[in-house]
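The structure appears right after this line, and notes come after that.
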Amino acid sequence: MAASNIVKYGIVGVGMMGREHLINLHHLRTEGVAVVAIADPHVPSQKLALDLAQSFNWPIKVFSAHKDLLDSLLCDVVVVSSPNMTHYQILMDIINHPKPHHVLVEKPLCTTVAHCKEVVNAARKRQDILVQVGLEYRYMPPVAKLIEIVKGGSLGQVKMVAIREHRFPFLVKVNNWNRFNINSGGTLVEKCCHFFDLMRLFAGANPVRVMASGAIDVNHKDEIYDGKVPDIIDNAYVIVEFDNGSRGMLDLCMFAEGTKNEQEISVVGDIGKGEAFVPESIVRHGTRVGGRDGVQTLKAENDQIKYDGLHHGSSYLEHLHFLSAIRAKAKAPAVDLHDGLVSVAIGVAAQLSIEKGRFVTIEEVMS
């Protein structure tokens, strides 16, 4: 591919997720992409990313500050995979920069609804850039297949969406930033915005109110950082009511390593039911008329995936789709800033519901 057609990427934040993006983009090099710059104030992360890039024969410029990366004018696209609490300032700096940069920002969009709204409003004035939010669970083959089944109408009108995530505790991050609500937005924002996004997608509706119950029962209780004990919850039940009368429920447990599937997603309509299992990559669906004997089971696969990585190929597909949107000069990406905002708003409402012990309306957190 001619050098002029190469889409040049910069990555801001090259911790575990930033390096994951680097590897995914390396597997997309046949599509005409190159990572040309990284920015991260944390020197050990810089070094790990630089070693990776050198192993790919990608010469990259290394910056400590994201503003220097932007001012270098080297990049067409910026991937933001820095700690959650830094997203807001970095996004505002990218959006307000004289040179247009397309952006893929990791979830959550920001840690507060107010910051999300400011980013949404600032981006409206920049018709020359696309900003996609990294809610990549949509692209996981079993989830994508279930979305296709639901949108195809064979389950009828969706009434209930139940998502169970039973998994391992949060991993250790640079400076342990993810151990505190103030940095992450809280567990239900940091981790679960993915699931609230999927609920909204399956329901085909907007959230109205949220009720949640959760606590810190097992994890991180014996950890102390700068004299502070972590305050992030490790388990919760969350009920979300939508404006079309459908309901979603999240069952989250982060001390459930002894489990076969990390995610189990069930969507029930008035005609039938569909389920997706990750990482087994199995999808089951059937109808009320067909009963138990009529349930079909299929293995969900996607031949386009060249790298499975940490998220079962979904990050690869996310990049592939975003690149297509950029090249096609699309008006909007597949997962836009409004999707990012609503997924955070549901998480914020859930965190508030636990704190207050009552239902919280989306209107309350949006205003």
Write out all pairs satisfying side-chain hydrogen bond (donor to acceptor under 3.5 Å, both in side chains) with one or both partners inside [range], taking only residues at least two apart or from two chains.
{"range": "residues 242-254", "result": "Arg164-Asp251, His166-Asp251, Asn244-Ser246"}
{"range": "residues 330-342", "result": "Arg200-Asp339"}
{"range": "residues 354-367", "result": "Arg358-Glu364"}

Q. So how far is it from Leu337 CG to Leu341 CG, rounded to the nearest 0.5 Å?
A. 8.5 Å
Q) Looking at CE of Met17 and CG of Leu22, how far apart are the two atoms once the value is rounded to the nearest 0.5 Å? A) 11.5 Å
How about [X] and [Y]: do any of their side-chain heavy atoms sit closer than 4.5 Å?
{"X": "Ile94", "Y": "His66", "answer": "no"}
{"X": "Glu118", "Y": "Met92", "answer": "yes"}
{"X": "Ile163", "Y": "Val161", "answer": "yes"}
{"X": "Pro207", "Y": "Phe196", "answer": "no"}
{"X": "Arg288", "Y": "Ile271", "answer": "no"}
{"X": "Val283", "Y": "Ile149", "answer": "yes"}

(Q) I'd like to check the side chain to side chain donor-acceptor pair (under 3.5 Å) partners of Lys117; sequence neighbours left out, ordered by chain and number. (A) none
Q: Can you see which heavy atom on Ile362 is nearest to which on Ala349, and at what distance?
A: CD1-CB, 4.2 Å
Q) Any idea how His115 and Tyr88 line up, ring-wise: parallel (<30°), tilted (30 to 60°), or perpendicular (>60°)? A) parallel
Q) His319 vs Tyr9 aromatic rings, parallel, tilted or perpendicular, using cut-offs 30° and 60°? A) perpendicular
Q: Keeping to residues at least two apart or across chains, list the ring-ring contact (aromatic ring centres under 6.0 Å, His included) pairs with something in residues 23-60.
A: His26-Phe56, His26-Trp58, His27-Tyr307
Q: Would you list the pairs meeting ring-ring contact (aromatic ring centres under 6.0 Å, His included) in which at least one residue belongs to residues 237-281, sequence neighbours left out?
A: none
Q: Go through the side-chain N and O atoms of Asn121 and Arg124 and say whether any donor and acceptor fall under 3.5 Å apart.
A: yes
Q) With no hydrogens and no angle check, do the side chains of Glu280 and Asn261 hold a donor and an acceptor under 3.5 Å apart? A) yes
Q | Over 12 foreign heavy atoms within 6.0 Å of CG, Asp226 | A | no
